[in-house]
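Beneath this line is the structure, given in structure tokens, with notes to follow.
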Amino acid sequence: MPQIIFLPHEEICPEGAVFEAEKGTTICDAALSQHIEIEHACEKSCACTTCHVIVREGFDSLAEAEESEEDMLDKAWGLEPESRLSCQAQVGDEDLVIEIPKYTINMVSETH
């Protein structure tokens, strides 16, 4: 099973995290199962950018983003070439190194 390595994020996972995830699981669902509370304001329906992540390693093992994801990513804060919406990107065969951006464009968080 591939490993997902989350780099430290001062609020969401200050220590970072390393765990295994089943192929085909979304990055968001894998993170939430490990109590890494990635925001997902649209309930994982590809209608916002709050679950935006940057895939630092393993990006090429992910299936290409669909047009709806690409359209939403255009609105994400801190967009990079390796950016994905974690609710849409599914774990492939390779290990992933994930960075959660410091900010989102979400003005209201259900956890605050």
Side-chain angles (χ1 to χ4, degrees):
M1 242 189 295
Q3 278 193 331
I4 299 181
I5 301 160
F6 273 86
L7 300 175
H9 180 282
E10 68 182 55
E11 293 177 13
I12 297 172
C13 62
E15 305 296 317
V18 178
F19 56 90
E20 290 185 342
E22 287 191 37
K23 182 179 175 179
T25 303
T26 66
I27 294 170
C28 185
D29 284 338
L32 293 171
S33 76
Q34 298 295 313
H35 309 289
I36 300 171
E37 297 298 322
I38 291 181
E39 288 190 57
H40 50 288
C42 70
E43 296 300 320
K44 303 181 271 185
S45 65
C46 195
C48 74
T49 63
T50 59
C51 72
H52 167 228
V53 296
I54 302 163
V55 183
R56 294 292 179 204
E57 293 180 26
F59 183 83
D60 291 337
S61 71
L62 303 173
E64 283 191 39
E66 292 186 12
E67 188 175 338
S68 58
E69 180 183 357
E70 293 285 350
D71 289 346
M72 289 309 305
L73 277 169
D74 287 342
K75 301 171 185 170
W77 182 90
L79 185 66
E80 295 193 17
E82 294 81 24
S83 288
R84 291 296 301 266
L85 295 182
S86 67
C87 72
Q88 300 300 301
Q90 295 180 349
V91 176
D93 293 321
E94 294 180 25
D95 293 350
L96 301 172
V97 176
I98 305 295
E99 179 180 349
I100 302 169
K102 186 171 183 174
Y103 301 107
T104 72
I105 62 169
N106 196 14
M107 299 299 192
V108 179
S109 173
E110 294 179 16
T111 60
H112 298 281

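It should be emphasised that the depicted structure is a prediction, and the values quoted were computed from it without experimental measurement.
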Got a second to check how far [X]'s [atom1] is from [Y]'s [atom2], nearest 0.5 Å?
| X | Y | atom1 | atom2 | value |
| --- | --- | --- | --- | --- |
| I27 | L96 | CD1 | CG | 5.5 Å |
| E43 | C48 | CD | SG | 9.0 Å |
| I4 | S86 | CD1 | OG | 9.5 Å |
| M72 | T50 | CE | OG1 | 9.0 Å |

Quiz item: With sequence neighbours left out, what residues match K102 under side chain to side chain donor-acceptor pair (under 3.5 Å)?
Solution: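 Partners of K102 under the side chain to side chain donor-acceptor pair (under 3.5 Å) test: none.
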State which residues pass side chain to side chain contact (heavy atoms under 4.5 Å, CB included) with [X]; sequence neighbours excluded, sorted by chain then number.
| X | value |
| --- | --- |
| S45 | C42, A47 |
| E57 | V97 |
| P101 | H52, I54, W77 |
| A31 | F6, I36, I38 |

Testing the basics here: between [X] and [Y], what is the closest heavy-atom pair and its distance to 0.1 Å?
| X | Y | answer |
| --- | --- | --- |
| L7 | E99 | CD1-CB, 4.0 Å |
| C46 | C87 | N-SG, 4.0 Å |
| A21 | M1 | O-CG, 3.4 Å |
| L62 | A89 | CD1-CB, 4.2 Å |
| P2 | G92 | CG-O, 3.1 Å |

Quiz item: For residues 60-70, which residue pairs qualify under side-chain hydrogen bond (donor to acceptor under 3.5 Å, both in side chains), counting only residues two or more places apart or in two chains?
Solution: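 Of all non-adjacent pairs touching residues 60-70, those that pass side-chain hydrogen bond (donor to acceptor under 3.5 Å, both in side chains) are E69-R84.
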Exercise. Among residues two or more places apart or on two chains, list those pairs meeting side-chain hydrogen bond (donor to acceptor under 3.5 Å, both in side chains) that have a residue in residues 89-98.
Key: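 Listed by first then second residue: K23-D93.
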Exercise. Give a yes or no on whether V18 and I98 share a hydrophobic cluster (residues Ile, Leu, Val, Met, Phe, Trp, Tyr; joining criterion: side-chain heavy atoms under 4.5 Å apart).
Key: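 Different hydrophobic clusters.
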Exercise. Could you state whether V91 and I100 fall into the same hydrophobic cluster, counting links through intermediate Ile, Leu, Val, Met, Phe, Trp or Tyr residues with side-chain heavy atoms under 4.5 angstrom apart?
Key: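 Looking at the clustering, I100 is in the same group as V91.
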Quiz item: Under the salt bridge (charged side-chain N to carboxylate O under 4.0 Å, His left out) test, which residues partner D29, sequence neighbours left out?
Solution: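 So D29 forms a salt bridge (charged side-chain N to carboxylate O under 4.0 Å, His left out) with K44.
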Quiz item: Partners of E80 by salt bridge (charged side-chain N to carboxylate O under 4.0 Å, His left out), sequence neighbours excluded?
Solution: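 Partners of E80 under the salt bridge (charged side-chain N to carboxylate O under 4.0 Å, His left out) test: R56.
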Quiz prompt | Co-members of the apolar cluster containing L32 [side chain, <4.5 Å] | solution =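 Taking Ile, Leu, Val, Met, Phe, Trp and Tyr as members, L32 stands alone, with no cluster partners.
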Quiz item: For atom CD of Q3, is the number of surrounding heavy atoms from other residues, nucleotides or ligands below 6.0 Å larger than 12?
Solution: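 More than 12 heavy atoms, drawn from other residues, nucleotides or ligands, come within 6.0 Å of this atom.
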